[in-house]
Amino acid sequence: MEPSNFPTIFSIIEDEIDLNDLLAQITLTSTGAAAIFTGMVRGETLRRGSAQALRGAAHETEYLEYEAYIPMAEAKMKQVADEIRAKWTSIEGIAIVQRIGKLYPKTPTVLIACTAAHRDTGVFEAARYGIDRLKEIVPIWKKEVSPDGQFWVEGDYIPKAGE
Amino acid sequence: MEPSNFPTIFSIIEDEIDLNDLLAQITLTSTGAAAIFTGMVRGETLRRGSAQALRGAAHETEYLEYEAYIPMAEAKMKQVADEIRAKWTSIEGIAIVQRIGKLYPKTPTVLIACTAAHRDTGVFEAARYGIDRLKEIVPIWKKEVSPDGQFWVEGDYIPKAGE
Amino acid sequence: MNKIRLLFFATLRDRAGTRSMELDIPEDLTVRGLKEKIAEEFPNLRDSMKSVLITIDREYAFDEAVVPVNAEIAMFPPVSGG
Amino acid sequence: MNKIRLLFFATLRDRAGTRSMELDIPEDLTVRGLKEKIAEEFPNLRDSMKSVLITIDREYAFDEAVVPVNAEIAMFPPVSGG
């Protein structure tokens, strides 16, 4: 299979993220390794290393509500995939999927998966790069709803010209 | 949840590896990130960068047949998980699963998954370490069956005392 | 005049009270000029214009860019997906 | 005498022609001594004894180790899982 035909999935979805299905979609006969990152909704933020803080006030989240500027988000996911392929030419398949809507603790919200023939050709680094870039340039936002009220989570990255 | 109660899955199985199920089993309410490695059976080994070599002789695999010294393999998987926890104290859940039996191209054969509160606390490195160590010390072997015949794939790592 | 379509997301949508609107703007208006116009016409959005991200036809755009005819403009805070 | 259980995997099993056997060995025999005994008694396995990995009761063991009473010994090539 020619590199130009390597599978690339980039999608904003409302249903569950199906890791088995997505992995199968980016597995070729030449594929021997996959690195997959998933993010989940945290229901509580533990403060490690301090039993007192832990007993005191673990921050609680009831749910997160995600929204996206869907057509631009999918185009930027495609761009992230293109950036990955430019940096790691060994990558075969790429899946970048963000789930939106009301998502409760322990639910996977995002997936970045990269496949290659072997594990030592950049799959881990590529998946890491993918989630970092998604959090920088893909127009998705989340509002946290907790017992203390609700507030929009804001990132801190300002895209540069051409991004 | 106390670290000693963090979920650790280590298992030799004959059925399909279910990524969705395994991820759910190692996701706590405090979990925000997972890095998952899977290995698959390669059906052909492409030789990149050389169109002639590619046309010439891509190596073909009909299937791989895996076997394990099961009780020791599961104990060594547990040891790999313990090593991961000693190196990355932020890790919450760990799953290490090897599928055995006759496995055809594109089939996931092994999974290493690590969860943590955040993605920048070692999940990628921990998963990478896990697959590297599995391939060094966990007693599993595979026989390749191809049109050219069948042969046992042999590793090259000699465990040291105490491993 | 140039009729553009404006989209708001996240905090910007909450403050605008709408997901989208049509807006008539002068031809050759820059992104900076557009932000000034919005700050004047929509007091709720004035503070937001200082740090807002702007896209023109789904690409990030910056102060000196000229808003094209019939553009789709989006305004939102730094992204927080994942 | 010490009765041990021997397990073979992968190439070692193919050459031994069996997955497991019981074997009587002298007390206080070392792993090195066990390999020498196997090489003598099972010619098919002689070559394999040069590079075989050995475990005693599911832990890797080395030449100087003494084989315990009723031990479970496994013999196999370097592992190739994943």
Side-chain angles (χ1 to χ4, degrees), chain A residues 1-3 16-24 27-49 51 54 58-61 89-90 92 104-113 115 117-121 123-129 131-132 135, chain B residues 1-3 16-24 27-49 51 54 58-61 89-90 92 104-113 115 117-121 123-129 131-132 135:
Chain A
M1 183 177 279
E2 289 298 305
E16 281 186 22
I17 295 175
D18 185 336
L19 280 74
N20 297 323
D21 176 58
L22 288 163
L23 180 61
T27 299
L28 311 177
T29 39
S30 53
T31 300
I36 305 168
F37 175 83
T38 65
M40 301 82 144
V41 179
R42 277 196 310 283
E44 58 176 321
T45 301
L46 292 179
R47 276 116 187 169
R48 294 264 173 62
L54 185 59
H59 178 75
E60 265 181 58
T61 300
T89 54
S90 58
E92 296 184 342
Y104 288 84
K106 301 176 77 171
T107 307
T109 59
V110 67
L111 172 142
I112 315 281
T115 60
H118 303 280
R119 75 186 187 288
D120 57 0
T121 59
V123 282
F124 290 95
E125 294 80 359
R128 174 68 194 254
Y129 178 85
I131 183 61
D132 287 348
K135 285 170 173 276
Chain B
M1 182 176 282
E2 290 298 305
E16 281 187 22
I17 296 176
D18 185 336
L19 280 74
N20 297 322
D21 176 58
L22 289 163
L23 180 61
T27 300
L28 311 177
T29 38
S30 53
T31 300
I36 305 168
F37 174 83
T38 64
M40 301 82 144
V41 179
R42 278 196 309 284
E44 58 176 320
T45 301
L46 292 179
R47 275 115 186 168
R48 296 264 171 62
L54 185 60
H59 177 75
E60 265 181 60
T61 300
T89 53
S90 58
E92 296 185 341
Y104 288 84
K106 301 176 78 171
T107 307
T109 58
V110 67
L111 172 142
I112 315 281
T115 60
H118 303 280
R119 75 186 186 288
D120 56 1
T121 59
V123 282
F124 290 94
E125 294 81 0
R128 174 67 195 256
Y129 178 84
I131 183 62
D132 287 347
K135 285 169 174 276

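A, B, ... follow the sequence lines: proteins, then strands. Residue 1 opens every chain. Values below: all heavy atoms of this structure, side chains included; hydrogens, waters and symmetry mates excluded.
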Out of A:D18, A:I17, A:V110, A:T107, return the one with the most heavy atom pairs under 4.5 angstrom to chain B. A:D18
One option among A:E125, A:E16, A:H118 has the most heavy-atom pairs under 4.5 Å with chain B, and it is A:H118
Side chain, backbone, both or neither: which part of A:L23 has a heavy atom under 4.5 Å from chain B? side chain
Heavy-atom contact with chain B under 4.5 Å, split by part of A:D120: both
Relative to chain A, which segment of B:A127 carries a heavy atom at a distance below 4.5 Å: side chain, backbone, both, or neither? both
Can you say whether B:D132 sits under 4.5 Å from chain A via the side chain, the backbone, both, or neither, judging by heavy atoms? both
Scanning both residues in full, the closest heavy-atom pair of B:R119 with A:R128 reads O-NH1, 3.6 Å
What's the shortest heavy-atom distance between B:F37 and A:F124, and which atoms? CD1-CZ, 3.4 Å
Hey, are the side chains of A:T29 and B:K106 touching, using non-hydrogen atoms and a 4.5 Å cut-off? yes
Got a second to check how far A:T38's OG1 is from B:N20's CG, nearest 0.5 Å? 10.0 Å
Roughly how far, to the nearest 0.5 Å, is CG of B:L111 from CD1 of A:I36? 7.5 Å
For chain A, the option from B:A33, B:A24, B:G43, B:P105 that forms the most heavy-atom pairs under 4.5 Å: B:A33
side-chain contact (heavy atoms from CB on, under 4.5 Å) between A:T115 and B:M40, worked out: CA-CA 10 Å; A:T115 60; B:M40 301 82 144; 4.3 Å; yes
Between A:E44 and B:S30, a side-chain donor and acceptor under 3.5 Å: no
